[in-house]
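Scroll down for the structure; my scribbles are underneath it.
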Amino acid sequence: MYARENIEQKLREGLRQAAEKACEAGDFSLNGQELPEIELEVPREREFGDYSTNLAMQLPKIARKAPRQIAEALAGRFEPIPGVVETVEIAGPGFINFRLDPSWLTQIVAQVNEMGGDYGKTARHAGKTYNLEFISANPTGPMHMGNARGGAIGDVLAELAEWTGYDVTREFYVNDAGNQIEKFGDSLDARFRQLTGEDFPFPEDGYQGEDITEHVKEYLAEHPGSEEELKAQPPEQRRKIFIDYALKKNLERMHSDLADYGIQYDVWFSEQSLYETGAIDKALDMLKKSGSVYEEDGAVWFRTTDYGCEKDDVLIRQNGIPTYYMGDIAYHLNKFETRGFDRGVNVWGADHHGHIARLQAALDAAGAGGKLDVVIMQLVKLVQDGEIVKMSKRTGKMITLTDLIQMIGKDAARFFFNLRSPDSHFEFDLDLAIRESNENPVFYVQYAHARICSILRQAEGFDWSDADLSLLGEPEEIALMEVLSRFYEEIQAGEEKMDPSRITRYAVDLASAFHTFYNAVRVNTDEIELKKARFALISAVRQVLRNASEILGINAPERM
RNA sequence: GCGCCAAUAGCUCAGUUGGAUAGAGCAACGGCCUUCUAAGCCGUGUGCCCGGGGUUCGAAUCCCUGUUGGCGCGCCA
């Protein structure tokens, strides 16, 4: 158990008992009502102590007494906890402020050094399986900036889930079926015809990127003499050959690009496989049982309006081909029913948010409701030379994930995309990003780690295992230990709110507290006992910086 | 028209289970390297928390409403 959890539990218990005693003694009465949940917070101002509660200000309505009077009764009857609570004070309109025994903080240093790479982990969700689907970029072309953001967010969310005890599966949904694949094939075939001298118009809504032409050229280079053979084939056959070839190439490239980005998937789930395994039919049967499926105009519909949506949606088109929506339902039922995941989280771009309600509706109808959360990330707006760059996979004008990593590096990219919460609108200034490669906060964090490594390197062989941590009492040391104590809370909050940016901000906070400490006191001091204590402290800081870097998927360099 | 997300310092953004004096980075200016990494530290100031109502001991935070911006509302994915 982490120190803060322990202390908070004791404070709550103490307050509960104080309230009981105060009622018995007739200080005030709850008039038959339950004591509200006790809220504890860490006050912004140091002078208000280490913990504060507004309990006395929540009671006047029930007890019909002034908050100050209630606070006085509670504080007066609060049983001292030796070694934990030093003082109890009343302040302002009725806050009760607690000041803790300083020893609680030094214990954290020992705990971090003992737990090492496990410090920050909890078993809160132990035994539960968690499926995290992210990026799921169209395999018809290279990945873009939006995919880069989704990748950074998703991978850290997965990590946060693991740190809170979930058994996590990272998953990429490969959209290798449907209309865009047809378009992909048409585009490839059109380029083939043009390359081989035919005067053939390029489809208006085709993929105009260079990569399409490249695929065709590569195919021809790899299959010498195949040109005539291909020309003799019927167009559908030829399209299929090109699609199979280019899709495979694209997926291989995605694998390696994502590996460069530090992302490793456990499952690449093929949309096409849903058709081949009968998962679509099975899902449709499950939906039919809800009684909300009907036929009209030759198509099969799902009455999403039964579930609060604005209009119904088509499951099977007039031409008999299932919609993307139907596929997505089958896919998610596969996650929850077939594979039995306890929880699923998807990271989607804001342009897909309209899809959430109807997917949830269908899952409810099929009896798999309440298991899926969707994190919506706002789209990335790319700015270059002070102007917004329109990106489009269709026209092929875009900055790819690979370009980005080449420009600013994996660490900076991952950190940068997680600097803001997913639902904040993101303006990515390319000129700034290139310039920022040296100003990016990621270097600030990494520098703190490298500095600590440097100090420890110079004292190789120095043994501080018997350090007396109570010697740590400078304000900068206390501030640093307080940041250390917050780590597990940030992980929990990040997981709960599905917001990875908590961790980047925490890492910056910790690095900042360290840099301040470093400039204020000398670690490698002549006073041996103090030196031992400070070595124990910076060793703990280094450990937590490493753990945070692990979650963020960035390097913690030993030298810079 | 309807729905989702947003609006806080010159810029980019924190702060949202309602709390005490609304914060950080960048940018600007000044200071700190004869001892552990100056990619660092310290100091100097700026706010109609988009407007208007409401809820209450207390609102940047919750509710209603208006404005502005982004996105969505296909038998596309």
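Excluded from the calculations below are hydrogen atoms, water molecules and symmetry mates; all remaining heavy atoms, backbone and side chain alike, are included.
Legend: residues meeting side-chain hydrogen bond (donor to acceptor under 3.5 Å, both in side chains) with A:R420, ordered by chain and number and at least two apart, are absent. In this view, A:E495 and A:H125, A:R343 satisfy the side-chain hydrogen bond (donor to acceptor under 3.5 Å, both in side chains) rule, not counting sequence neighbours. In this structure, the side-chain hydrogen bond (donor to acceptor under 3.5 Å, both in side chains) partners of A:Q180, at least two apart in sequence or on a different chain, are A:N138. Residues satisfying the side-chain hydrogen bond (donor to acceptor under 3.5 Å, both in side chains) test with A:E477, not counting sequence neighbours, are A:R534.
Applying the side chain to side chain donor-acceptor pair (under 3.5 Å) rule to pairs touching residues 321-335 of chain A yields A:E133-A:K335, A:E171-A:Y331, A:D328-A:H355, A:H332-A:K335, A:H332-A:N346, A:N334-A:R339, A:K335-A:N346, sequence neighbours excluded. Listed by first and then second residue, the side chain to side chain donor-acceptor pair (under 3.5 Å) pairs involving residues 87-97 of chain A are A:S52-A:N97 (not counting sequence neighbours). The list of salt bridge (charged side-chain N to carboxylate O under 4.0 Å, His left out) pairs with a residue in residues 48-57 of chain A, not counting sequence neighbours, reads A:R46-A:D50.
The glycosidic torsion of B:C71 lies more than 90° away from 0, placing the base in the anti range.
Aromatic rings from A:H449 and A:F514 are positioned such that their centres are separated by 6.0 Å or more.
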Problem - RNA chain B base-pair string [pairs: Watson-Crick or G-U under 3.5 Å; |: paired with another strand] - result: (((((((..((((.....[...)))).(((((.......))))).....(((((..]....))))))))))))....

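Rounded to a whole Å, the CG atom of A:L59 is 17 Å from the P atom of B:G58. Distance A:M326 CE to B:A77 P: 13 Å, rounded to the nearest Å. Rounded to an integer number of Å, the gap from CZ of A:F514 to P of B:A39 is 14 Å. In this structure, CZ of A:F443 is placed 16 Å from C1' of B:U37, rounded to the nearest angstrom. Straight-line distance from the CD1 atom of A:I376 to the P atom of B:C5: 10 Å, rounded to whole Å. Summarising the geometry, the separation between CG on A:D411 and C1' on B:A39 is reported as 14 Å, rounded to the nearest angstrom.
Not a single donor-acceptor pair under 3.5 Å links the side chain of A:S187 to the backbone N or O of A:G206. Although no hydrogens or angles enter the test, the distance criterion places no donor-acceptor pair under 3.5 Å between the side chain of A:D211 and the main chain of A:G141. Judged by distance alone, with hydrogens and angles left aside, the side-chain atoms of A:T305 form no donor-acceptor pair with the main-chain N or O of A:D312 at under 3.5 Å. With hydrogens and angles disregarded, no donor-acceptor distance shorter than 3.5 Å links the side chain of A:D423 to the backbone of A:M377. A:D297 places no side-chain N or O within 3.5 Å of a backbone atom of A:A299 that could act as its donor or acceptor partner.
If A:I452 and A:A511 are placed on RNA chain B by their nearest nucleotide, the residue sitting closer to the 5' end is A:I452. Both A:M560 and A:D423 lie near RNA chain B, and the one whose nearest nucleotide falls closer to the 5' end is A:D423.
Residue-environment remark: CZ (A:R457) exceeds the threshold of 12 foreign heavy atoms within 6.0 Å.
Residue A:E496 is classed as having no contact, given no heavy-atom separation below 4.0 Å to the nucleic acid. Residue contacts shown for A:Y444 are limited to sugar-phosphate atoms, with no base heavy atom under 4.0 Å away.
The shortest distance between the side-chain N/O atoms of A:Y447 and the OP1/OP2 oxygens of B:A39 is below 4.0 Å.
Taken residue by residue, residues 349-364 of chain A places heavy atoms nearer than 4.0 Å to RNA chain B at A:A350, A:D351, A:H352, A:H353, A:G354, A:R358. Within residues 311-320 of chain A, the residues that have a heavy atom under 4.0 Å from RNA chain B are, in order of number, A:K311, A:V314, A:R317, A:Q318.
Of the options A:L484, A:I452, A:V521, a side chain to side chain contact (heavy atoms under 4.5 Å, CB included) to A:L537 is made by A:L484 and by none of the others.
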Practice task
Heavy atoms under 4.0 Å is the rule here; annotate nucleotides 17-36 of chain B 5' to 3' with B where the base is hit, S where only the sugar-phosphate is, and - elsewhere.
Solution key: S-BBB-------------BB

Which protein N or O atoms sit under 3.5 Å from an N or O of nucleotides 10-13 of chain B?
{"residue": "B:U12", "atom": "O2'", "partner": "A:R420", "partner atom": "NE", "Å": "3.4"}
{"residue": "B:U12", "atom": "O2'", "partner": "A:R420", "partner atom": "NH2", "Å": "2.9"}
{"residue": "B:C13", "atom": "OP1", "partner": "A:H425", "partner atom": "O", "Å": "2.9"}
{"residue": "B:C13", "atom": "O2'", "partner": "A:R420", "partner atom": "NH1", "Å": "3.3"}

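A cation-pi arrangement is not found for A:R358 relative to A:F302, the charged atom failing to lie both closer than 6.0 Å to the ring centre and inside a 45° cone about the ring normal.
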